[in-house]
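To keep things clear, I will list the structure first and then write my remarks on it.
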There are 2 protein chains.
Amino acid sequence: MKVTALEEYGLRCMLLFAGNDNRAPLTLPKISTAEGLSLPYAGKLLMILKKAGLVRAVRGRNGGYSLTKPAHEITLQEILAALGNSLHGSHHCDRFSVNNEDCIHTGNCVIGGIWSTFDNYIQGMLANITLADIALGKFGLQNNPVTKP
Amino acid sequence: MKVTALEEYGLRCMLLFAGNDNRAPLTLPKISTAEGLSLPYAGKLLMILKKAGLVRAVRGRNGGYSLTKPAHEITLQEILAALGNSLHGSHHCDRFSVNNEDCIHTGNCVIGGIWSTFDNYIQGMLANITLADIALGKFGLQNNPVTKP
DNA sequence: ATTATACTATACTGTTTTGTATAGTATTAA
DNA sequence: TTAATACTATACAAAACAGTATAGTATAAT
């Protein structure tokens with residue numbers, strides 16, 4: 001299981017905004033130096049976040065990027081969904097068919113069940129953590145709630 | 001967030017064993033046709049599982065692979081740990097330093113906190129699901145146990 | 001109007017991941 | 001002992017991902 005680069009750096013950029021609430025928009029040069037990213041790469045990230053509706057861009061002098069809603073209304077789920085695919089989606093069987101047209105496990109696939117359960121579990125957690133929570137370090141977890149029916 | 005190919009196909013192979021408890025060892029040709037994998041690729045997967053101690057190999061005629069312990073004693077956590085890295089480990093900061101020597105967020109990195117919490121959360125879930133559970137579809141989850149201290 | 005500043009788009013390169021090809025080595029039934 | 005069967009190892013090719021380079025377009029202060 002891997003965190004992709006877009007998810008990592010995209011989340012870092014979002015956190016930059018969380019610490020910048022209600023101030024002047026952040027420019028691409030500022031973002032790129034703050035996060036150690038090249039300017040075009042920062043541009044690519046912010047473009048993704050913009051297309052997802054998490055960020056708004058103002059062009060020209062005195063322009064820059066800012067959040068479209070307050071940090072405490074943005075969930076980690078929204079952010080990660082914008083930056084990459086979920087662990088188990090409709091594309092899953094296409095990815096893992098080893099160059100065949102169809103996955104070999106048509107019909108009752110037990111693998112799909114476990115990933116899907118796993119993914120729901122994770123999404124539930126992500127939906128309950130906001131960008132503001134992360135910026136303030138205000139999140140935690142209880143013990144393993146796995147049940148065996 | 002992505003499931004890697006090794007994780008997906010490796011888990012599929014392990015499930016093949018779970019449905020084969022106490023019978024003759026599974027040969028590489030059988031595994032490769034059952035899962036639609038090329039023979040050398042199946043070999044690579046089983047080699048990884050063998051090095052992790054999850055599977056034992058017997059060479060020569062009548063040989064093949066079998067589990068080193070019963071399916072109900074093997075957790076999903078062990079299996080995925082053998083097949084890939086965890087979501088947040090010691091290598092995390094190295095991966096995301098954008099070709100610089102050090103990550104730009106030295107010291108109090110709030111990103112590390114969220115991934116680490118997230119990873120612990122996931123590991124806890126994985127440790128409570130066994131290969132036998134998966135094979136029988138016997139697993140589930142409760143509602144989101146996120147706390148905000 | 002001009003110019004500096006800022007966002008936008010596309011093409012390109014290197015690295016990692018995926019998966020294959022090929023050539024071995026070991027064991028056992030006959 | 002021979003041959004069939006099975007595991008093991010290394011090198012290679014293709015695709016996806018990560019990150020850079022370059023060339024624009026838009027806005028507003030002067």
Side-chain angles (χ1 to χ4, degrees), chain A residues 1-13 17 24-52 54-66 68 83-85 91-92 94-100 103-104, chain B residues 1-13 24-52 54-66 83-85 91-92 94-100 103-104:
Chain A
M1 237 143 47
K2 280 182 66 176
V3 174
T4 67
L6 289 180
E7 287 167 339
E8 173 78 20
Y9 298 127
L11 180 53
R12 289 186 189 183
C13 290
F17 289 107
L26 288 174
T27 68
L28 231 28
K30 275 184 192 167
I31 294 172
S32 84
T33 51
E35 294 299 333
L37 307 169
S38 75
L39 202 130
Y41 192 47
K44 181 191 277 190
L45 281 170
L46 272 292
M47 186 57 51
I48 291 172
L49 295 170
K50 183 190 159 195
K51 282 181 180 162
L54 292 171
V55 139
R56 137 181 50 241
V58 173
R59 296 173 80 137
R61 206 158 170 150
N62 295 343
Y65 293 92
S66 50
T68 54
L83 295 163
N85 293 315
H91 57 291
H92 189 87
D94 296 333
R95 268 191 72 207
F96 298 115
S97 57
V98 202
N99 293 347
N100 295 323
C103 175
I104 199 166
Chain B
M1 238 142 47
K2 278 181 67 177
V3 174
T4 67
L6 289 180
E7 287 167 340
E8 173 78 19
Y9 297 127
L11 180 53
R12 289 186 188 183
C13 291
L26 288 175
T27 67
L28 231 29
K30 275 184 192 167
I31 294 172
S32 85
T33 50
E35 293 300 334
L37 309 169
S38 75
L39 202 130
Y41 192 47
K44 182 191 276 189
L45 280 170
L46 271 293
M47 186 57 51
I48 292 172
L49 294 170
K50 182 191 159 194
K51 282 183 180 160
L54 293 171
V55 138
R56 139 180 49 243
V58 173
R59 296 173 80 137
R61 205 156 170 153
N62 294 344
Y65 294 92
S66 51
L83 295 163
N85 294 312
H91 57 289
H92 189 88
D94 297 334
R95 269 191 73 207
F96 298 114
S97 57
V98 202
N99 294 347
N100 295 322
C103 175
I104 200 166

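Computed from a predicted structure; not experimentally measured. Within every chain, numbering begins at 1; the chains are lettered A, B, ... in the order of the sequence lines, protein sequences first and strands thereafter.
Mapping B:Y65 and A:L6 onto DNA chain D by nearest heavy atom places B:Y65 closer to the 5' end of the strand. Looking at which nucleotide of DNA chain D each of A:L37 and B:L28 is closest to, the 5′-most match is held by B:L28. Comparing A:M47 and B:Y9 by the nucleotide of DNA chain C whose heavy atom lies nearest to each, the residue mapping closer to the 5' end is A:M47.
D:dA18 atom P lies 7 Å from atom NZ of B:K2, rounded to whole Å. Nucleotide C:dT16 holds its P atom 13 Å from the CG atom of B:N85, rounded to whole Å. As a whole-Å value, the separation of B:L39 CG from D:dT5 P is 13 Å. The CG atom of A:L49 sits 12 Å away from the P atom of C:dT8 (whole-angstrom rounding). Look at OH on A:Y41: it is 18 Å from P on C:dC7, rounded to the nearest Å. Atom pair B:E7:CD and C:dT17:P shows a separation of 12 Å (rounding to whole Å applied). Taking atom CE of B:M1 as the reference point, atom C1' of D:dC17 lies 17 Å away to the nearest angstrom. In this entry the distance linking CG of A:D94 with P of D:dA16 reads 12 Å, nearest Å.
Closest heavy-atom contact between B:N85 and B:H91: CB-NE2, 3.8 Å. Closest of all the heavy-atom pairs between A:Y65 and A:A57 is CE2-CB, 3.5 Å.
A donor N or O paired with an acceptor N or O is found under 3.5 Å between the base of C:dT25 and the side-chain atoms of B:R59. Judged by atom type and distance alone, A:R61 does not reach the base of C:dT3 through any side-chain donor-acceptor pair under 3.5 Å.
Atoms CD and CD1, from B:E7 and B:I48 in turn, are 10.5 Å apart once rounded to the nearest 0.5 Å. Rounded to the nearest 0.5 Å, atoms CG (B:L6) and CG (B:L11) are 12.0 Å apart.
At the heavy-atom level, A:F96 lies nowhere under 4.0 Å from the strands shown. Contacts of B:K51 with the nucleic acid, taken as non-hydrogen atoms under 4.0 Å apart, are absent. B:K30 comes within 4.0 angstrom of no nucleic acid atom, judged by non-hydrogen atoms across all strands. If you check every strand for non-hydrogen atoms under 4.0 Å, A:I31 touches nothing. If you check every strand for non-hydrogen atoms under 4.0 Å, B:L45 touches nothing.
With hydrogens and angles ignored, the 3.5 Å screen pairs a side-chain donor or acceptor of B:Y9 with a backbone N or O of A:V98.
Residue A:P29 has its side chain nearest to C:dA6 when only C:dT22, C:dA6, C:dA9 are considered. Minimum atom distance to the side chain of B:A57 is reached by D:dC7, of the listed C:dT8, D:dC7, C:dT22. Between D:dA18, D:dA26, C:dT18, one nucleotide has an atom nearer to the side chain of B:A5 than all others, and that is C:dT18.
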Note to self: Could you go through B:C13 and B:L37, starting from their C-alpha distance and side-chain angles, then the distance that decides it, and tell me whether this counts as side-chain contact (heavy atoms from CB on, under 4.5 Å)?
What the structure shows: CA-CA 10 Å; B:C13 291; B:L37 309 169; 4.3 Å; yes

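Residue B:K44 has no polar side-chain atom (N or O) positioned under 4.0 Å from OP1 or OP2 of D:dT8. Side-chain nitrogen and oxygen atoms of A:S38 include at least one within less than 4.0 Å of the OP1 or OP2 phosphate oxygen of D:dT20. The side chain of A:N62 contributes no N or O atom lying less than 4.0 Å from OP1 or OP2 of C:dA6.
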